[in-house]
Amino acid sequence: MNGLDFDVSHMLAGALVLFGFMLLYQTRLYALINVYAAQAIVLSLAVAWQAYVQDKPHLYATAAIAFAFKAALIPYALHRAIVRLGVAREVETVVGVGPTMLAGLACVALAIVVMLRIATETDALAREDLAFALSVILLGLLMMVVRRSQVSLVIGFMSLENGLILAAAGAKGMPLVVEFAVAFSVVVALVVIWVFLFRLRDRFGALDAQALDAFQGERR
Amino acid sequence: MSDAFHAVQAILAIPLAASAALALIPDYRLSARLNVAASSATFATACALFGLDGFARPYLLIDDLNVVFVVLNTFVAFTTSVFSASYIGHEVENGRVTPGHLRFYHAMYQFLSFAMNLALTANNIGLMWASLEMATLTTVAMVGIYQTREALEAAWKYFILGSVGIALALFGTILVFIAARPVMGEGFDGMIWTLLMRRSAEFDPALLDLAFVFLLLGYGAKVGLVPLHAWLPDAHAEGPTPISAVLSGLLLNVALYCVLRFKLLIDANARAIAPGPLLATLGLLSLVFAAFMLYRRRDVKRLFAFSSIEHMGIIVFAFGMGGPLANFAGLLHMVMHSLTKSAIFFTVGHIAQVKGSQRIADIRGLTVSQPWLGWTLVAGVFAIAGLPPTGVFTSEFLVVSSTFARSPALALILVFGLLVAFGALLLRLQGMAFGEPGGPEKRSTASSAPIVAHLALVLLAGIYPPPPLVAWFQHVAAMLR
């Protein structure tokens, strides 16, 4: 692999982590969805670049799915859902932005320390790709923890999944990557359909995961 | 081309075809019968696997380990379909579901059966992951079928936690592939379990360690291991009772099977982390935590859901300890737990229909007002609490005695957890089964055949376990190391 190939994959994977961070401090739902869409575009570019570098045409399909589904369809559906359901446009946070960013930094540091130490036998690109992918996964998990609204919970999960697709695409010669991308799109689609169909607002009063706290099963 | 391969094809094809057919049949009485017929055909085919040689193909695999799981799985799926046929009609009469919902329910039941059988027979670790994902999504839809506020919340919680578990398990699967790539080369070979097993010793141990952590968290969330268990009680309590039985008796086992496959893979690499202590710790933690949680339950289905967490803890602990005796005990306990717990859920389902409530406080004096249901519940709880002469006693005794021989301190914690759980179950049982009956009751039209069959098998395993079965389990236990 020559220098340029390496640098471009590096830059794209790094941008994915950067967008992962940007998701953490968005306070408005629309902005959150737009940043997610931008992350999905970067993901599709990163996967397409891997397809070119590894000369694996089937990865172009994964890139196309990522673009069509995650960068276009899902953000559009979520925008519509917000308008239709009249969800509050601001995102309520459980933890403040400052501590969240610090926790995010800790996640990325952890991912890099763990991966660079462990994956010594694999080549440099795969190793750093994995470190970036694990960072995106941990940032997604963090996002699911620190946000209250169900839409941002869903976005946290989808950004976690972006990290998975990056890891799968970066694993040279991994079969079934397209199938994994499709399988995850099904999960994501179901989650979004769920938010749509069941109109959680109607039942809980707000699209707020905190409403779930009232339900601890036996306090009826 | 082996006969076993045809049998596996049939085990997968029958539920899939039945699922498609059931989606087209509007009459729920007919579809309940078809559901039973398809499940019994699948079970009969699975039984044939006992006499056939195993095989390993790129996508499917049959060896001595998964035959046990497949037969148990199809058997409980069959008896649950019988129970479901007698149970679900009442739910229509109660107005909790519409016939349209039941069409969906029956189609999903067979699809779940297909997905679980595929996960159990998959040789490709990617296929295994995908089929467990399918099974999870199917059960999410079924948990939410009543569409009450509680059911939707339970399904949502299960959905989110299950999806995160799925994601972590996929990351672990990718890491296994990356660890194997320098040895196995690119392409499909790096995802085929039997090929990976053969050369596992040459893989990068550090990557395998990390992979196992993610796989254990991901699949462990599905097993219901503490601290990833939060979805389990809700999903059990709010879904239809046949699904509670299927979740406890089957889906937890399927997830456990995935963990075991990867445990074998990591075990085969001497330089990688020993997975046993990790499993034993999580198992013991689940057991003790769930045992204490049993005391505060007010909902009867939730009570037995926590009891499932407790028993999965015991099973995972036994497999974590390893060695022929503990593995044997783990396998036996898994089978006994599946049979007993689904029998209890069948009983509880009928009780909830008779009483019109799942609250423990509303259920009193059952042995007086509903002798048959009451005494069945007593028998089931005695069995699950591990009293002799049931099979659960045998397996728990084996777990405890094999642990005492090797690490008495752990055995003490284990016994402590078992006793705490025992106390909680008896305390709750006393109120429900004995004393003055109270509250309105409907007539019971319970179908007793599945309950009797399960409890009889559990009793038989306690008194006289069939020697061929014991030999089979011993063989598998040796294979598990």
Side-chain angles (χ1 to χ4, degrees), chain A residues 54 56 114-115 117-123 126-127 129-130 133-134 137 140-141 144 150 153-154 156-158 160-161 163-165 167-177 179-180 182-184 186-188 190-191 194-195 198 200 202-204 209 211-212 214-220, chain B residues 124-127 129-130 133-134 136-137 140-141 144 147-150 152-157 159-160 162-164 166-168 170-171 173-175 177-179 181-182 184-191 203-210 214 233-234 237-238 296-299 302 305 359-360:
Chain A
Q54 297 178 21
K56 291 270 159 35
V114 167
M115 274 305 173
R117 284 261 174 84
I118 279 184
T120 43
E121 282 180 30
T122 49
D123 57 283
R127 186 164 73 220
D129 245 11
L130 266 183
L134 184 58
I137 290 172
L141 277 176
M144 294 181 78
Q150 285 189 335
L153 200 72
V154 170
F157 175 66
M158 291 191 298
L160 187 165
E161 187 231 331
L164 281 175
I165 301 293
K172 209 157 166 250
M174 172 127 174
L176 297 174
V177 178
E179 287 81 351
F180 286 147
V182 173
F184 255 114
V186 171
V187 181
V188 167
L190 286 176
V191 175
W194 181 287
V195 173
F198 289 96
L200 289 160
D202 294 354
R203 303 198 184 255
F204 305 151
L212 292 180
F215 169 67
Q216 292 189 341
E218 285 153 279
R219 295 186 200 150
R220 294 178 215 163
Chain B
N124 184 308
I125 55 176
L127 182 67
W129 172 83
E133 181 205 325
M134 278 195 294
T136 310
L137 292 180
V140 166
Q147 300 198 7
T148 58
R149 180 188 161 126
E150 289 81 11
L152 287 178
E153 282 167 8
W156 173 256
K157 205 185 217 176
F159 201 171
I160 291 296
S163 304
V164 172
I166 283 170
L168 295 182
L170 178 61
F171 193 64
T173 308
I174 296 171
L175 286 176
F177 175 79
I178 292 174
R181 191 180 49 190
M184 309 293 296
E186 296 179 8
F188 272 98
D189 283 3
M191 299 196 87
F203 298 165
D204 178 4
L207 267 175
L208 278 186
D209 292 352
L210 191 65
F214 279 98
D234 289 353
E238 303 306 336
R296 295 212 33 206
R297 298 308 106 196
R298 290 174 216 160
D299 179 303
R302 222 169 267 271
R359 281 168 54 95
I360 292 177

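Throughout, protein chains are lettered first and strands after them, A, B, ... in sequence-line order, and every chain is numbered starting at 1. Only heavy atoms go into these numbers, but all of them, side chains included; no hydrogens, no water, no symmetry mates.
- Contact annotation: the side chain of A/Met115 approaches that of B/Leu210 to within less than 4.5 Å [non-hydrogen atoms, C-beta and beyond].
- Per-residue heavy-atom pair counts under 4.5 Å with chain B were compared for A/Ala167, A/Gly163, A/Gly140, A/Ala133, and the maximum is reached by A/Ala167.
- The two residues A/Val154 and B/Trp156 have their closest heavy-atom pair at CG2-CH2, 4.0 Å.
- To the nearest 0.5 Å, atom CD1 of residue B/Ile178 and atom CZ of residue A/Arg127 are 12.5 Å apart.
- Looking at A/Leu164, both its backbone and its side chain come within 4.5 Å of chain B, counting heavy atoms on both sides.
- For chain A, the nearby part of B/Leu137 is the side chain; its heavy atoms alone come within less than 4.5 Å.
- Exactly one of B/Phe177, B/Phe171, B/Trp129 qualifies for a ring-ring contact (aromatic ring centres under 6.0 Å, His included) with A/Phe180. That residue is B/Trp129.
- Side-chain atoms of B/Glu186 and A/Gln54, non-hydrogen and from C-beta on, never get closer than 4.5 Å to each other.
- Taking CG of A/Leu130 as the start and CD1 of B/Ile174 as the end, the distance is 8.5 Å to the nearest 0.5 Å.
- Heavy atoms closer than 4.5 Å to chain A are found in both the backbone and the side chain of B/Ala167.
- Heavy atoms only, all atoms of each residue included: B/Glu133 and A/Ala183 are closest at OE2-O, 3.3 Å.
- Interface residue B/Asn124: only side-chain heavy atoms are found under 4.5 Å from chain A.
- Here B/Phe214 contributes atom CZ and A/Leu134 contributes atom CG; the two are 5.0 Å apart, rounded to the nearest 0.5 Å.
- Using a 4.5 Å heavy-atom cutoff, the side chains of B/Arg181 and A/Met174 are not in contact.
- Comparing B/Ala155, B/Pro233, B/Ala141, B/Gly190 by heavy-atom pairs within less than 4.5 Å of chain A, the highest count is held by B/Ala155.
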